[in-house]
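I have placed the structure first, in the form of structure tokens, so that the comments after it can refer back to it.
Computed over heavy atoms, backbone and side chain alike; hydrogens, waters and symmetry mates excluded.
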Amino acid sequence: MDKCKIGILRHDTTQWIQDVEFYLDELQALEDLVHQKADHSNLSKQVHNDISCTISSFLNQLIRDFLGKLRGHEIKLSNIIEGKKTNSAELDEQKHLELAQDLGQLKTRIRRLKKRVYRYLLEENSRQRHGFPI
């Protein structure tokens with residue numbers, strides 16, 4: 001695989017890293033809004049805790065898992081471009097395709113989570129006993 005194609009893959013990867021970092025900032029802002037909406041009734045506390053836990057686990061997953069994979073992939077591609085590594089370019093292209101699919105799934109999950117959180121933030125009273133409000 002030529003360095004030009006590897007350069008394109010590396011550019012894509014750095015863009016994905018920026019996208020995921022943006023999602024992290026966005027979810028942290030949502031988490032702050034959820035904390036500000038804390039209510040004192042038992043039902044509201046339960047719903048609030050469910051949402052807070054979901055956002056926190058999603059943030060942890062993004063930071064620990066996906067962002068680490070992207071950064072590792074970007075380093076490998078950079079090493080290939082710089083000539084430090086030449087033997088696994090084809091494997092890196094396959095890894096790139098897998099990361100692209102993972103990012104697509106991640107975007108869908110983030111979109112769903114944001115809808116649920118916004119619905120919670122806009123709702124005045126919790127109507128459901130467990131989990132997010134309807």
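With rounding to the nearest 0.5 Å, the separation of CD in Q105 from CZ in R109 is 8.5 Å. Rounded to the nearest 0.5 angstrom, R116 CZ and L30 CG are separated by 13.0 Å. Taken from CG in N79 to CD in E74, the straight-line distance is 9.0 Å, to the nearest 0.5 Å. Going from atom NZ of K69 over to atom OG1 of T13 covers 13.5 Å, rounded to the nearest 0.5 Å. Taking CD1 from I6 and NE2 from H96, the interatomic distance works out to 9.5 Å, rounded to the nearest 0.5 Å. Between atom CG of residue L106 and atom CZ of residue R111 there is a gap of 10.0 Å, rounded to the nearest 0.5 Å.
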*From CA spacing to verdict: side chain to side chain contact (heavy atoms under 4.5 Å, CB included), L27, L113*: CA-CA 9 Å; L27 289 173; L113 177 63; 3.9 Å; yes

*Step by step, work out the side chain to side chain contact (heavy atoms under 4.5 Å, CB included) result for V20 and L103.*
CA-CA 9 Å; V20 171; L103 184 64; 4.0 Å; yes

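With hydrogens and angles left out, the side-chain atoms of T14 and Q18 include no donor and acceptor closer than 3.5 Å. For the residue pair Q28/D32, the side-chain donor-acceptor check at 3.5 Å is not satisfied.
At a threshold of 4.5 Å between side-chain heavy atoms, the hydrophobic network of Ile, Leu, Val, Met, Phe, Trp and Tyr places L99 and L97 in two separate groups. I17 and I75 sit in two unconnected hydrophobic clusters of ILVMFWY residues. Membership requires side-chain heavy atoms under 4.5 Å apart, directly or through other members. Hydrophobic cluster membership is shared by L121 and I55, with clusters built from Ile, Leu, Val, Met, Phe, Trp and Tyr side chains linked at under 4.5 angstrom.
Ring centroid separation for the pair W16 and H11 does not come in under the 6.0 Å cut-off.
The nearest pair of heavy atoms linking R10 to I81 is CD-CD1, 3.7 Å. The minimum heavy-atom distance linking D102 with F66 is given by the pair CB-CE1, 3.5 Å.
One finds a salt bridge joining E21 and R71 here, because a Lys/Arg side-chain nitrogen approaches an Asp/Glu carboxylate oxygen to under 4.0 Å.
Here the side chains of K95 and K76 are not in contact, with every heavy-atom distance at 4.5 Å or above.
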